[in-house]
Amino acid sequence: MAKEPVQSKLSPSAIRRPLLRWFDREARDLPWRRTRDPYAIWISEIMLQQTRVQAAAPYYERFVRRFPTVVALARARLDSVLKLWEGLGYYCRARNLHKAAQEIVTRFGGQLPETRSELLSLPGIGAYTAGAISSIAFGQREPLVDGNVTRVLCRVFRVRGNPKEAVVQKKLWSLAEELLPAARPGDFNQALMELGSEICLPKNPPCEVCPLRRTCLAKRHGEQNRLPARRRKKPIPCHTVVVGVIERNGRVLIDKRPSDGLLGGLWEFPGGKKQSGESLEEALHREVLEEVGIRIRVGDSIATVDHAYSHFRIRLHAFRCTYASGTPQCLGCDAIKWVRPGDLRRYAFPAANKKIIRALLDARQAGRRGSQ
DNA sequence: AACTCGGGGCT
DNA sequence: AGCCCAGAGTT
């Protein structure tokens, strides 16, 4: 007995033809669509993981200009890769990219592998990215499912389960595979994502201009705003964080975060989470002593910054401090350094720290003007 | 299956 | 104040 198709109600060609025709007419002119270099396409796909096109585009341009080949990236220092990645988020992507480049040199002679399974063996390349590179860069008939494709398929085929569940995921991948044509698989995959990004929006999609308006089952049932099924999210905690810009002899102290974990490999000002019952100043004394082993004097506030991460948020208080006593040592970090404020730009900092740096340099500039 | 891991733009 | 984004890796 032959295996039954996952969804036989809609014929593949009823979706392929209008979708590809629409894509040929409406596809955005994106930087990574102007190249056929698998290396460049790989870079773009890593940058686009959980990241909007508009956010990734300028990073992509800078990155491929600075590191034009696999070999150039493999030879680069990780710190310079992180500096180029600064502000883009999910910094493990930069570490995996660097490591994968070195593996491509040693295992594949510097050429990106073409098969899905070989691509999957590289760090930072999962199911989606393996499908994207093999189909877009190498023209192979490999499906992909991302957030956009999930929304499109859940609506067109009226899939009502929670897309986070494994059984629903499996169904979506099966649908994507069945729809995929042998000709132009890369364009078809991009067309599905483009539709999710431009027409099949999360809320109030403009179905009347959608190329799939005649086949979409969600539209037929008026359920396009209820699919895909929403998952409830837990409330996220808010932490109070305090950091010190510690000055000594015209330099400030920064430390490098451990390479694994949150914001790994980036630099920051010493500090940490305030505990309940503790004042901001007490917390700062304690955290600085625990992290870099010195005693400080706490001065004026520089800035207070609210910042949201994926699964928690912080209110960050930054204080101007001066060194008091003790020898700086690397207790809860990978490295420490005294740097001139003007050299802070050379180091990769998290976004919340960048806001502090800006406030710091602005105040410094104002001080100079005032003294003249 | 549930967590961890950023940052920004839109509603 | 959530929601979502061309997801991957770990537990």
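All chains are named by letter (A, B, ...) in the order of the sequence lines, taking the proteins before the strands, and each is independently numbered beginning at 1.
Rounded to whole Å, atom C1' of C:dG7 lies 13 Å from atom CZ of A:R116. Rounded to an integer number of Å, the gap from A:L144 CG to C:dA8 C1' is 15 Å. Taking atom NZ on A:K164 and atom P on B:dA1, their separation rounds to 12 Å, with Å as the unit. Computed from coordinates, the A:I46 CD1 to C:dG9 C1' distance equals 12 Å when rounded to whole Å.
Within 4.0 Å (heavy atoms only), A:L30 reaches at least one base atom of the nucleic acid. Residue contacts for A:S44: at a heavy-atom cut-off of 4.0 Å it reaches no nucleic acid atom on any strand shown. Nucleic acid contact class of A:W85 (heavy atoms, under 4.0 Å, all strands): none. Within 4.0 Å (heavy atoms only), A:A56 reaches no atom of the nucleic acid at all. Within the 4.0 angstrom heavy-atom criterion, only backbone atoms of the sugar-phosphate kind lie near A:I125; the bases stay farther away.
Evaluation of the side-chain hydrogen bond (donor to acceptor under 3.5 Å, both in side chains) rule for A:K164 yields no partner, not counting sequence neighbours.
The only option from A:E278, A:E281, A:E291 that meets the side chain to side chain donor-acceptor pair (under 3.5 Å) definition with A:R286 turns out to be A:E278.
Annotation: C:dC5 and B:dC5 have their C1' atoms spaced 14 Å apart (nearest Å). If you take atom P in B:dT11 and the same atom in C:dA6, they sit 14 Å apart, rounded to whole Å. Taking atom C1' in both B:dG6 and C:dC4, one finds a spacing of 13 Å when rounded to whole Å.
A:H98 contributes a side-chain N or O that, together with a main-chain N or O of A:A76, makes up a donor-acceptor pair within less than 3.5 Å. Looking at A:R213, its side chain does come within 3.5 Å of a backbone N or O of A:C210 through a donor-acceptor pair.
For C:dC5, one of the phosphate oxygens OP1 or OP2 lies less than 4.0 angstrom from a side-chain nitrogen or oxygen of A:R151. One finds no side-chain N or O of A:R230 lying less than 4.0 angstrom from the OP1 or OP2 phosphate oxygen of C:dG2.
Taking CD of A:E45 as the reference point, atom CD1 of A:I125 lies at 10.0 Å (rounded to 0.5 Å).
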Fill in: Sequence-aligned protein contact record of nucleotides 4-11 of chain B, with B where the base is within under 4.0 Å of a protein heavy atom and S where only the sugar-phosphate is
SBBBBB--
